[in-house]
Amino acid sequence: MTTADEKKTDAAETSTVQNNENDANGKGDASDKGGVNSKDDASGKGVVNSKGDANDKDCVNCEDCASREGNETKKRRDSKRRGFLAAGFGAVALFAVVAFFIGGAAPEPPTEFAALDRAPTIYPDYCDVTIPPNVAPLNFDVQENAEEILTRVFEDGAERPVATFSGKEIRFSQRKWRRLLERNVGKTLRFETFALNVVGDSANGEKSASVGDSANGEKSVSVGDSANGEKPASVGDSANGEKSANGGKWVKYADWEMRVAPDSIDPWVSYRLVFPGYEYYSDLALWSRSLETFEERPIIRARLVAERTCVNCHTFQAGRTDSFLFHLRFKKGGTVVVDRGAVKKVDLNAEGLDAGCAYAAWRPNSPHVAFSSNQTSQIFHSRDKNRINVLDSFSDLLLYDVEKNELTPILPSDDDYLPTYPTWSPDGKTLYYCCAKAPDFKTPRQPVAARKDEVPFVQDEFQYDIMKVAFDEKTGKFGAPELVFNAVALDKSAAFPRVSPDGKSLMFTLARRGCFPIWFRDADLWTLDLATGEARALDEVNSPTEPDSWHSWSSNGRWFVFSSRRDDGSHTRLYFAHIGENGEVSKPFMLPQRDPAKTLNATKSFNVPEFTVEPVQISERELLQKAKIDAPEKATLRLR
């Protein structure tokens, strides 16, 4: 099914020639007085511009016509309007034909050029990545300082390009991109790029600014689809080699590829959108994004709940969206729980608890959620390159029965240890978590303020191992703790454990210290073979200078998503990587963007990504109705 967005993009690719800027923005040719409004045309309604042509004295609102004139007059007017509509479509069709014959075929690459031994600098960096067959178009910008750029795309083994782009902005039609991937599952797409009159040190690999007319935001034009016999549209005279004949110098960059994996990716990912320093916590929001298109949907926005409300710690049950939860902090505080489609708000600060519930993991096969109960402290550094640290004064693990609204301790409360970050095995029989030996605190848990005052002075002593406990669903009891990964022996600290869907691997984040490494520049992703105990750093995806942290597995275990600050050092963005049949890990690629340039200007971070197999079904309106409840039902604490 072709969407409105796809129609808009296709129209831009096939008819945008003489007036690139107007058509790419959906404005149409300013000189085309009989043209159809692009928004209406894209929706398939074929409606003449609703504002009317400035030269059309007879075009007025339909309802006004009906009220002021009789049926006969309305009939004559409708007939006249149909004439305008037909003329409009005819003008569009004629424009497309004229454009094709005037522009001719796709521009040919130059015959004389200097070959470079490096690929072009592009943003996002999609060079030599492995991608899912159902992913949205990987649009990118060529960041080379040149007067003109020509990029061609080839299917596996083909001699003729399937698409040609003139300019620095490479934008694919969603429909054609989808067909392209479908034809090339298990194969590779090859890209070649030429540049005219490269200036500065661009040829040596440095990122460069745009110069000349190609920096004016002019949108590139995809041309052709050789597999379907479609003739390509012209991209004008600027890329047809004329300047080269007049003394310009062309270079050709080394070819690069995208490999289309045979494994699909889960179609949706949810995440928390937040300013990187948490200064505006009340502007936090949970969003869901389609990985097959560019559709985004808000799950819940804190500012719509109350002026001073924070939204965090969301979790889904086994990647489904009929059961999930999230916390509300400060004003209108509580936890919104969606259980098999039913929404409720509860207060998990049960009588007898020293702290509220925080990090959560929904058991995959029953209405139970494992929580950590943490008393946290945030430490902000003005000079340390690791700007923010979050540490626990004390913590416990609890099991929440969603149906009974009841909490029970998982482990005996022990002030010598700090358990946190629970996560379940796929069969629900084992609970993994992180645990640290508590520093030698001088004060008890209560009063809280005294203990929290000690934390900054012992922050280097927090190092976490990975542990596990068995769970018996019949009795509801947990076994004795067992060590899974000894991070402290490496003088490291582990966080965010996640078990693969087949139960064979455990992915986690490893840093020098602490339990909140999203600001620690040494934070890397690691995997642990649960059968052999062998652990290794995922050097294929880790940034050498910036933190890689929150992560999630796709339901088939072939893909994982993680948040990373590698883009600019301040904002976390989502990256995806493929795991092959033999365990090989591909180079990661950034979340597909409709307009990558806007990503550079984004001021918020993407955190806590989690795959889902479907979009969130509950509307934000329904979640807000429950979130605004002032006095939710309080959970009870049942001691073993």
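Computed from a prediction, not measured in an experiment: that's the story for all the values here. Values below: all heavy atoms of this structure, side chains included; hydrogens, waters and symmetry mates excluded.
Under the 3.5 Å distance criterion, the side-chain polar atoms of His571 are left unmatched by any main-chain donor or acceptor of Arg566. No donor-acceptor distance shorter than 3.5 angstrom exists from the side chain of Ser395 to the backbone of Ser373, with no hydrogens or angles considered. With hydrogens and angles disregarded, a donor-acceptor distance shorter than 3.5 Å links the side chain of Asp568 to the backbone of Ser570.
In summary, the aromatic rings of Phe589 and Phe576 are positioned with their centroids under 6.0 Å apart.
His327 and Phe371 have tilted rings, their planes meeting at an angle from 30° to 60° on a 0 to 90° scale. Aromatic ring orientation, Trp526 versus Phe485: tilted (interplanar angle from 30° to 60°). Using the six-membered ring where Trp is involved, Tyr464 and Phe462 have ring planes that are parallel, under 30° apart on the 30 and 60° scheme. Using cut-offs of 30° and 60° on the angle between ring planes, the pair Phe478 and Trp424 is tilted. Using a 30° and 60° split on the angle between ring planes, Trp550 and Tyr359 fall in the tilted class, from 30° to 60°.
A salt bridge links Glu295 with Arg297: the closest approach of a Lys/Arg side-chain nitrogen to an acidic carboxylate oxygen falls below 4.0 angstrom. Salt bridge status for Arg573 with Asp567: present, with a side-chain N to carboxylate O gap under 4.0 Å. Ion pairing of Asp529 with Lys504 is absent here, as no side-chain N (NZ or NE/NH1/NH2) approaches a carboxylate O to less than 4.0 Å. Between Asp465 and Lys492 there is no salt bridge, since no side-chain N of the basic residue sits under 4.0 Å from a carboxylate O of the acidic one. Look at Arg320 and Asp322 and you find a salt bridge, because one of the NZ, NE, NH1 or NH2 atoms lies within 4.0 Å of a carboxylate O, short of that distance. In this structure, Glu473 does not pair ionically with Lys477, as no charged nitrogen and carboxylate oxygen lie closer than 4.0 Å. In summary, Asp128 and Lys587 do not engage in a salt bridge, as defined by a charged side-chain N under 4.0 Å from a carboxylate O.
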With side chain to side chain donor-acceptor pair (under 3.5 Å) as the test, would you mind laying out the steps for Gln317 and Asn365 before giving the verdict? CA-CA 8 Å; Gln317 184 181 36; Asn365 42 15; over 6 Å; no
Evaluate the criterion salt bridge (charged side-chain N to carboxylate O under 4.0 Å, His left out) for residue pair Asp548 and Arg521; output intermediate values, then yes/no. CA-CA 8 Å; Asp548 303 302; Arg521 296 181 184 272; over 6 Å; no
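More than 12 non-hydrogen atoms from other residues, nucleotides or ligands lie less than 6.0 angstrom from NZ of Lys634.
Counting only residues at least two apart or on different chains, the salt bridge (Lys or Arg N to Asp or Glu O under 4.0 Å) pairs with a member in residues 602-616 are Asp283-Lys604.
The structure places CG of Leu411 at 11.5 Å from OH of Tyr417, a figure rounded to the nearest 0.5 Å. To the nearest 0.5 Å, the span separating OG1 on Thr527 from NE2 on His551 amounts to 10.0 Å.
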Using a 3.5 Å cut-off and no angle test, enumerate the donor-acceptor pairs between side-chain atoms of residues 337-344 and protein atoms at least two apart in sequence or in another chain.
| from | atom 1 | to | atom 2 | distance (Å) |
| --- | --- | --- | --- | --- |
| Arg340 | NH2 | Glu403 | OE2 | 2.8 |
| Lys344 | NZ | Val402 | O | 2.7 |

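Between the side chains of Thr572 and Asn607, at least one donor N or O sits under 3.5 Å from an acceptor N or O.
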